[in-house]
Engineer: 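One structure follows; several queries about it will come next.
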Amino acid sequence: MGRRRGHPSPRPPAAIAGSDPPGGPSIPEPTSGVKGSTSRKRQRSGRKRSPSPSKIFSTPAESIPSIGSSFGNYAAYAAEILVLFETPSGFAVFSMKEYYLNQQDAMKNIWAIFGEDFRSRGIARLKEFQMFNDKSSAINHVTGVSRELSEMISRYHHPYQTLAVGKSEYKGIIEKSLPGVPCRFDEAVLEVMWGLKNLMDSLVPEEELKLTQEDRLPMSQGLKMFLDRHGFDVKPEMVKGDVVVTACLLYDAEVIENRYGEQLHWAAGKLKDVSGIDSAGWKMMKIASALKIMFDPLEITDHDMQKFTPGEVKRLKRDARKFEDIINEDESLKIYRELVVLHAVKIDALRNIGLHLRRS
């Protein structure tokens, strides 16, 4: 028979798509763009400027999150899915924004929501936890779903709402025992289950038992893909807390860096239009360095200068004034500074992940 535990106090909402990614570093986001406001040179001179071009340089869609693209339909974002999470001694019911499971890149991003406890606030919320003296009697093929577990699910289930479950057999048993409760079991749901296990101590504080090593498997496929992409060949037993936390830092740095992509590639197109500089294939840091050479050449590093041919450097300096009414100087220099910081964060995170894995 299940024993019902009290509800936790509400958690404060966390940063979600539209601001920093959950747990993301507090590095400012792109503002209105690299274009369309008066440069410092113009402000100092007091000269009138010609009107900005009609095409504004808009902030690109968010990536997280990545966690996601722009919200689009708010109703779709606001919809919640229930999650039935099995713990060592019982079951917990969570509510979660279904939006995060339905994204095109959900498998790449869900793990980052659950990398650290504060990252999941406002996204996954505990509704109730119950301990069961015999979990096998709570849900099985013969007797179906027990009265205690059925009542717990029913307390929070709304008509047409989906219940995510961590085992394929649970889907069939629950849908047969509770016909009005459609269930979902897929790769995205398994990522959520991994995340809840990773944060079980903080998300289900009344669970007194600990997960066994077998309970923790398999590892997050999204995290594995992320580490594989960065050249780390990992086995599940190697992925411990320090690796996950550091991977989150690397993930956040890349998300924030990518937010500048649309702006910088737009600016790169203007370099070709105005100065004839072919920037095809340039990475974001190189584009930002080109803008740095134009607007603040005295502060450019030798390392950044070596990325360009002497002819490119000459044209960037020569044509700088032509860009005053096209590309915003202050925004360009801010983006350059932030990319320098993000590059350092990424290098440090990659090194630390390697160290943590070698110690595993």
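No hydrogens, no waters, no symmetry mates; every other heavy atom, side chains included, goes into these values.
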Engineer: What about Val274 and Leu271, same hydrophobic cluster or not, with Ile/Leu/Val/Met/Phe/Trp/Tyr joined at side-chain heavy-atom distances under 4.5 Å?
Structural biologist: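 Yes, same cluster.
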Engineer: Compare every heavy atom of Pro88 with every heavy atom of Met200, then report the nearest pair and how far apart it is.
Structural biologist: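 Scanning both residues completely, I find the closest heavy atoms to be SD-CD, 3.7 Å.
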Engineer: Backbone N or O of Gly261 within a donor-acceptor pair of the His265 side chain at under 3.5 Å?
Structural biologist: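 Yes.
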Engineer: Atom CG of Leu250 and atom CD1 of Ile347: how far apart are they, to the nearest 0.5 Å?
Structural biologist: 9.5 Å
Engineer: Can Tyr251 be reached from Val245 by stepping across I, L, V, M, F, W or Y side chains whose heavy atoms are under 4.5 Å apart?
Structural biologist: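 Hydrophobic grouping puts Val245 apart from Tyr251.
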Engineer: Looking at Glu324, is its backbone amide N or carbonyl O close enough to the side chain of Glu329 to form a donor-acceptor pair, meaning the two atoms are under 3.5 Å apart?
Structural biologist: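 Such a contact is absent between Glu329 side chain and Glu324 backbone.
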Engineer: Would Val255 and Met225 show up in the same hydrophobic cluster when neighbours are defined by side-chain heavy atoms closer than 4.5 Å?
Structural biologist: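 The answer is no; the residues belong to distinct hydrophobic clusters.
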Engineer: Does a sphere of radius 6.0 Å around CG in Asp273 hold more than 12 heavy atoms from other residues, nucleotides or ligands, not counting ones at 6.0 Å or beyond?
Structural biologist: yes
Engineer: May I ask you to decide whether Lys210 forms a salt bridge with Asp201, counting only side-chain N to carboxylate O separations under 4.0 Å?
Structural biologist: yes
Engineer: So how far is it from Arg259 CZ to Met284 CE, rounded to the nearest 0.5 Å?
Structural biologist: 12.0 Å
Engineer: Are Ser150 and Leu178 side-chain neighbours, meaning at least one heavy-atom pair lies under 4.5 Å?
Structural biologist: yes
Engineer: Would you say His343 has more than 12 foreign heavy atoms packed within less than 6.0 Å of its NE2?
Structural biologist: no
Engineer: Go through the steps to decide whether Trp266 and Ile327 satisfy the test side chain to side chain contact (heavy atoms under 4.5 Å, CB included), and finish with yes or no.
Structural biologist: CA-CA 10 Å; Trp266 182 92; Ile327 298 177; 4.2 Å; yes
Engineer: Less than 4.5 Å apart, any side-chain heavy atom of Leu84 and any of Leu149?
Structural biologist: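 The answer is yes; the side chains approach within 4.5 Å.
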Engineer: Same cluster for Leu209 and Leu211 if Ile/Leu/Val/Met/Phe/Trp/Tyr side chains link at under 4.5 Å?
Structural biologist: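 No, no single cluster joins them.
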Engineer: For a side chain to side chain contact (heavy atoms under 4.5 Å, CB included) check, start with the C-alpha distance between Val93 and Arg155, then their side-chain angles and the critical distance, and finish with the verdict.
Structural biologist: CA-CA 10 Å; Val93 172; Arg155 272 192 286 275; over 6 Å; no
Engineer: Is the backbone N or O of Ile123 less than 3.5 Å from a side-chain atom of Ser120, with the two atoms forming a donor-acceptor pair by type?
Structural biologist: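 Checked: no pair found.
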Engineer: Treat each ILVMFWY residue as a node, draw an edge where side-chain heavy atoms are under 4.5 Å apart, and state whether Met107 and Leu223 are in one component.
Structural biologist: no
Engineer: Is there a donor-acceptor contact under 3.5 Å from the side chain of Asp117 to the main chain of Ser202?
Structural biologist: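 Absent.
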Engineer: Is the shortest distance from a Lys or Arg side-chain nitrogen in Asp252 or Arg119 to a carboxylate oxygen in the other one below 4.0 Å?
Structural biologist: yes
Engineer: Taking the side chain as every heavy atom from C-beta outward, state whether Ile81 and Val192 have any atom pair closer than 4.5 Å.
Structural biologist: no
Engineer: A side-chain contact here means heavy atoms from C-beta on lying under 4.5 Å apart; do Val189 and Val165 qualify?
Structural biologist: no
Engineer: From Ile287 CD1 over to Lys307 NZ, what is the distance, rounded to the nearest 0.5 angstrom?
Structural biologist: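 Between Ile287 CD1 and Lys307 NZ, I get 10.5 Å after rounding to 0.5 Å.
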Engineer: Mind running side chain to side chain contact (heavy atoms under 4.5 Å, CB included) on Trp111 and Trp194 for me, showing each step along the way?
Structural biologist: CA-CA 8 Å; Trp111 71 270; Trp194 172 88; 4.0 Å; yes
Engineer: Using a cut-off of 6.0 Å, state whether more than 12 heavy atoms not belonging to Glu187 lie near its atom CD.
Structural biologist: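 Counting other residues, nucleotides and ligands, CD of Glu187 stays at 12 neighbours or fewer.
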Engineer: Is it true that Arg315 and Glu312 make a salt bridge, defined as a side-chain N closer than 4.0 Å to a carboxylate O?
Structural biologist: no
Engineer: So do Val340 and Lys292 actually touch side chain to side chain, heavy atoms under 4.5 Å?
Structural biologist: no
Engineer: Between OG1 of Thr87 and CZ of Phe91, what distance do you get to the nearest 0.5 Å?
Structural biologist: 8.0 Å
Engineer: Any heavy-atom pair between the side chains of Asn352 and Asp242 that's under 4.5 Å?
Structural biologist: no
Engineer: Do Ser275 and Asp319 have side-chain N/O donor and acceptor atoms under 3.5 Å apart?
Structural biologist: yes
Engineer: Roughly how far, to the nearest 0.5 Å, is CZ of Phe85 from CG of Leu203?
Structural biologist: 8.0 Å
Engineer: Any ion pair linking Lys224 and Asp228 (charged N to carboxylate O, less than 4.0 Å)?
Structural biologist: yes
Engineer: I need the minimum non-hydrogen distance between Ser146 and Phe132, along with the two atoms involved.
Structural biologist: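 Looking at all heavy atoms of both residues, the closest pair is OG-CE2, 4.1 Å.
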Engineer: Would you say that Asn109 contacts Tyr100 through its side chain, given a criterion of any heavy-atom pair below 4.5 Å between the two side chains?
Structural biologist: no
Engineer: For the residue pair Tyr336 / Asp296, report whether a side-chain donor-acceptor contact shorter than 3.5 Å exists.
Structural biologist: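 Short answer, no.
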Engineer: On the six-membered ring of Phe308, is Lys286 placed so that its NZ or CZ lies under 6.0 angstrom from the centre and within 45° of the ring axis?
Structural biologist: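 Because its charged atom sits under 6.0 Å from the ring centre and within 45° of the axis, Lys286 does stack over Phe308.
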Engineer: Using 4.0 Å as the upper bound for N to carboxylate O, is an ion pair formed by Lys127 and Glu80?
Structural biologist: no
Engineer: Go through the steps to decide whether Met238 and His356 satisfy the test side chain to side chain contact (heavy atoms under 4.5 Å, CB included), and finish with yes or no.
Structural biologist: CA-CA 9 Å; Met238 299 168 66; His356 294 318; over 6 Å; no
Engineer: With heavy-atom distances below 4.5 Å as the criterion, would you say the side chains of Arg229 and Glu254 are in contact?
Structural biologist: yes
Engineer: Report, as yes or no, whether the 6.0 Å neighbourhood of atom NZ on Lys197 holds more than 12 heavy atoms from other residues, nucleotides or ligands.
Structural biologist: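 Enclosed.
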Engineer: First locate atom CD of Gln263, then atom CD of Glu331, and finally report the distance between them rounded to the nearest 0.5 Å.
Structural biologist: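 Here the interatomic distance stands at 7.5 Å.
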